[in-house]
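This report concerns only the one structure given below.
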Amino acid sequence: MTLDLRNPADLEHLLWDEIERRQVGMLMLVGGPPQHAQPMTAFVERDRRQLWFFADAEAEQTRNIGVGQPAMFIWQQHDIQACIGGRLAVRHDRERMDRYWNAVVAAWHPNGRNDPELTLLSLDCEEAQVWVATAGPTRTAWEIAKAAATHGRPEVSVSGRLDFH
């Protein structure tokens, strides 16, 4: 299947595919006091445009969410970078815990999926900015040299904004 990265539907398809393959990114709350982003493993529900994360109920980030908080999931792997914004909420969803539980999650939550301190966070994705590199190292070097000589910009990537509403 050939993707047209300038087509928002294809760009969104690529984004969800890549997050499903390499799930770890940085999750952070926005709009309140400054806080560091934290590495989290994302589980994609593309039809609902949601990302799900296991979390400790008593962790500072979880306690600061309250009834819902604006958040960003920053994801970067190889040639794709994305910043996904939305609303983050605490959800005690046993069915999803069972569905997404795996050996990696178990390593971070040694008390098991029945631990009363284990919960899920859901990010209802509202929008994203996505960058995709389209040039390898040789072409990138050429494009940078050309841009320097012509006072232009190197053509080494495609970027697009996705609106999930």
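Computation of the quantities below employed the complete heavy-atom set of this structure, encompassing side-chain atoms and omitting hydrogens, waters and symmetry-equivalent molecules. Start at 1 with the first residue, then count along the sequence.
- Across D115, N114, L120, a single residue satisfies side-chain contact (heavy atoms from CB on, under 4.5 Å) together with L118, and that is D115.
- Note that SG of C125 is 7.5 Å distant from CD1 of I19, once rounded to the nearest 0.5 Å.
- Note on ring orientation: taking the six-membered ring where Trp is involved, the planes of F73 and F53 are tilted (angle from 30° to 60°).
- When the options R91, M40, M97 are evaluated for a side-chain contact (heavy atoms from CB on, under 4.5 Å) with W52, the one that passes is R91.
- A salt bridge does not link R48 to D124: none of the charged nitrogens lies less than 4.0 Å from a carboxylate oxygen.
- Distance alone, capped at 3.5 Å, is enough to place a donor-acceptor pair between the Q69 side chain and the V30 backbone.
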**Request:** Evaluate side chain to side chain contact (heavy atoms under 4.5 Å, CB included) for M72 paired with L29, printing each intermediate quantity in order.
**Result:** CA-CA 6 Å; M72 295 274 182; L29 301 176; over 6 Å; no
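- Atom CG of residue N111 and atom CZ of residue R113 lie 14.0 Å apart, to the nearest 0.5 angstrom.
- Between E127 atom CD and R161 atom CZ the span is 4.5 Å, to the nearest 0.5 Å.
- In this structure, R46 pairs ionically with E20, as a charged nitrogen and a carboxylate oxygen lie closer than 4.0 Å.
- Listed for the Q81 side chain is no donor-acceptor partner under 3.5 Å among the backbone atoms of Q129.
- Defined by atom type and a distance below 3.5 Å, a donor-acceptor pair is present between the side-chain atoms of Y100 and E45.
- The residues E126 and R49 are annotated as not salt-bridged, no charged nitrogen and carboxylate oxygen being separated by less than 4.0 angstrom.
- Atom NE2 in H13 sits 13.0 Å away from atom CG in L162 (nearest 0.5 Å).
- With rounding to the nearest 0.5 angstrom, the CG atom of L15 is 7.5 Å from the CD1 atom of I80.
- In this structure, E18 pairs ionically with R21, as a charged nitrogen and a carboxylate oxygen lie closer than 4.0 Å.
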